[in-house]
Amino acid sequence: MRVIVLGAAAGGGFPQWNCNCDTCREAWAGTAPAQTQAALAVSADGERWVLLNASPDLRAQVLATPALQPRHPGRDSPIAAVVLTNGDVDALAGLLTLRESWPLSLYATQSVLDVLAANSIFNVLGSEHVARRKLALGVPLTLSARDGTPLGLSVEAFSVPGKPALYLEDAAIERRLAERSENTIGLAVSAPESGKRFYYVPGCAALDDELAARLRHAPLLFFDGTLWRDDEMIRAGLGGKTGRRMGHLSLSGAEGSLVALAPLGIGRKLFIHINNTNPILHPGSAERQAVEAAGWEVARDGLEIVL
């Protein structure tokens, strides 16, 4: 099984187009590598690929990834399916790039499928080309192409503490900042023929006992790396929301992911969906050194892992 990091950054990418914070300034200057918005590509055979989220940067990601580029004359793509983990703009806006009459399977929870159905712009992904298929929580599902051909991969969706997408928030959101629902899910991805598997959790508001039990002894984990500290956006003068209010567990602190995930015996572990303010994006930062000293890696665009 091959896994390619198409994008490692959170919404807006790195540097964010309208930001000149301390971290973004390093990217503008070229002393920290730019990153596109978070998504993975995975394949069991190296020929047919499944996208885990479709970021707004998808076209640029295809241009940068030879494995996803056309190989035969006429319309052609090795991309056979897309699996969505939430309804955020940075997870699904790239679907509009896939509108060019190409057969695809689109997998999402019913809540996210309802979001797509309610917004008529996604009708450009007509049913004659794109099959929308429901992900039921806690049920392993064999992924298949539009015509039903198995792709050699299985996914199991599971809810994680989180919140609805920003544009779906209501007046009661403060009481639902770490609820479990179909709005924010993680994925257990496996290749049954080889027995290899990994976990993708790009958004997570808290590590509760249920999630900890699921991730224990995971051989490979991509986990929410949005913010280094809970008040990071406020300190940078870029917003008034904490990480908790944004639905993300921060890395540092007594309750942060570095501490919370440490006892779980996870094999290889990478932070992904990293906000433009997070200093771990800078290779020389003290925060980056702390992450690496704790046995973590910082995902980067173009990184490939073979299981």
Side-chain angles (χ1 to χ4, degrees), residues 1-19 23-24 26-86 88-107 116 121-122 124-126 129-130 143 145-146 151 153 187 189 200 202 222 225 270-276 281 283 297-306:
M1 180 164 55
R2 293 171 61 188
V3 184
I4 299 176
V5 177
L6 300 181
F14 176 67
Q16 192 168 294
W17 69 275
N18 63 343
C19 188
T23 314
C24 281
E26 299 289 346
W28 292 123
T31 55
Q35 307 290 339
T36 59
Q37 293 167 87
L40 300 181
V42 57
S43 175
D45 58 13
E47 297 294 325
R48 301 165 300 169
W49 289 83
V50 176
L51 306 183
L52 306 185
N53 290 335
S55 92
D57 296 320
L58 180 54
R59 184 177 184 277
Q61 292 167 346
V62 171
L63 289 173
T65 310
L68 299 186
Q69 296 168 8
R71 304 165 190 172
H72 307 291
R75 289 198 186 277
D76 181 64
S77 174
I79 299 173
V82 181
V83 183
L84 301 178
T85 65
N86 58 66
D88 287 331
V89 172
D90 51 321
L92 57 73
L95 292 175
L96 300 178
T97 300
L98 301 175
R99 68 189 183 278
E100 307 292 351
S101 303
W102 183 250
L104 293 166
S105 296
L106 174 58
Y107 293 90
L116 298 177
I121 194 171
F122 290 104
V124 297
L125 299 166
H129 299 296
V130 178
L143 298 180
R146 174 67 176 86
L151 297 172
L153 295 169
L187 299 172
V189 183
Y200 184 47
F222 293 89
L270 300 94
F271 285 118
I272 198 168
H273 193 271
I274 307 163
N275 198 59
N276 61 292
L281 286 166
E297 299 173 56
V298 177
R300 66 181 187 277
D301 288 27
L303 173 67
E304 181 170 350
I305 297 174
V306 179

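Along the sequence shown, the residues carry numbers beginning at 1.
Considering only heavy atoms from C-beta on, V189 stays 4.5 Å or farther from V50 through its side chain. With a 4.5 Å cut-off on side-chain heavy atoms, L281 and Q35 count as touching. When side chains are defined from C-beta on, H129 does not count as touching R146, because their heavy atoms never get closer than 4.5 Å. I305 places a side-chain heavy atom less than 4.5 Å from the side chain of F222. Two residues are said to be in side-chain contact when any heavy atoms from C-beta on lie closer than 4.5 Å; V5 and L270 fail this criterion.
Within a 6.0 Å sphere centred on CD1 of I121, heavy atoms belonging to other residues, nucleotides or ligands number 12 at most. For R300, the CZ atom sits in a loose shell: 12 or fewer heavy atoms of surrounding residues, nucleotides or ligands are nearer than 6.0 Å.
Minimum heavy-atom separation, A41 to L51: CB-CD2, 4.1 Å. Shortest non-hydrogen contact noted between I274 and A299 is CD1-O, 4.3 Å. For the pair C19 and C24, the tightest heavy-atom approach, listed with the atom from each and the gap, is O-CB, 3.5 Å. R2 approaches A67 most closely through the heavy-atom pair NH2-CB, 4.2 Å. Residues A81 and Y107 approach most closely at CB-CE1, 4.2 Å, considering heavy atoms. Of all non-hydrogen atoms in M1 and L153, the two that sit nearest each other are SD-CD2, 3.6 Å.
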Residues 8-18 side chain polar contacts: donor-acceptor under 3.5 Å, at least two apart:
residue, atom, partner, partner atom, Å
Q16, NE2, N18, OD1, 3.0

Which pairs would a plain distance check flag for residues 95-102, meaning a side-chain donor or acceptor within less than 3.5 Å of a matching protein atom at least two apart in sequence or in another chain?
residue, atom, partner, partner atom, Å
R99, NH1, L96, O, 2.7
W102, NE1, I79, O, 3.1

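Of the possible polar contacts, one joining the D57 side chain to the Q37 backbone as a donor-acceptor pair under 3.5 Å is found. The main-chain N or O of V62 is found under 3.5 Å from a side-chain atom of Q69 such that the two form a donor-acceptor pair. With hydrogens and angles ignored, the 3.5 Å screen pairs no side-chain donor or acceptor of S55 with any backbone N or O of A38. Looking at S105, its side chain does come within 3.5 Å of a backbone N or O of A145 through a donor-acceptor pair. Between the side chain of W49 and the backbone N or O of S77 there is no donor-acceptor pair closer than 3.5 Å. The backbone N or O of R71 sits less than 3.5 Å from a side-chain atom of D76, completing a donor-acceptor pair.
A distance of 9.5 Å separates OG1 of T85 from CG of L92, quoted to the nearest 0.5 Å. Atom CG of L151 and atom OG of S43 lie 8.5 Å apart (nearest 0.5 Å).
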Could you walk me through whether Y200 and V42 satisfy the side chain to side chain contact (heavy atoms under 4.5 Å, CB included) test, starting with their C-alpha distance in whole Å, then the side-chain angles of each, then the deciding distance to 0.1 Å, before giving a yes or no?
CA-CA 11 Å; Y200 184 47; V42 57; over 6 Å; no
Output, in order, the C-alpha distance, side-chain angles, deciding distance and verdict of side chain to side chain contact (heavy atoms under 4.5 Å, CB included) for L84 and L106.
CA-CA 8 Å; L84 301 178; L106 174 58; 4.0 Å; yes
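R75 pairs by the salt bridge (Lys or Arg N to Asp or Glu O under 4.0 Å) definition with nothing, not counting sequence neighbours.
For the pairing with P202, the side chain to side chain contact (heavy atoms under 4.5 Å, CB included) check across L40, N53, L52 returns one residue only, N53.
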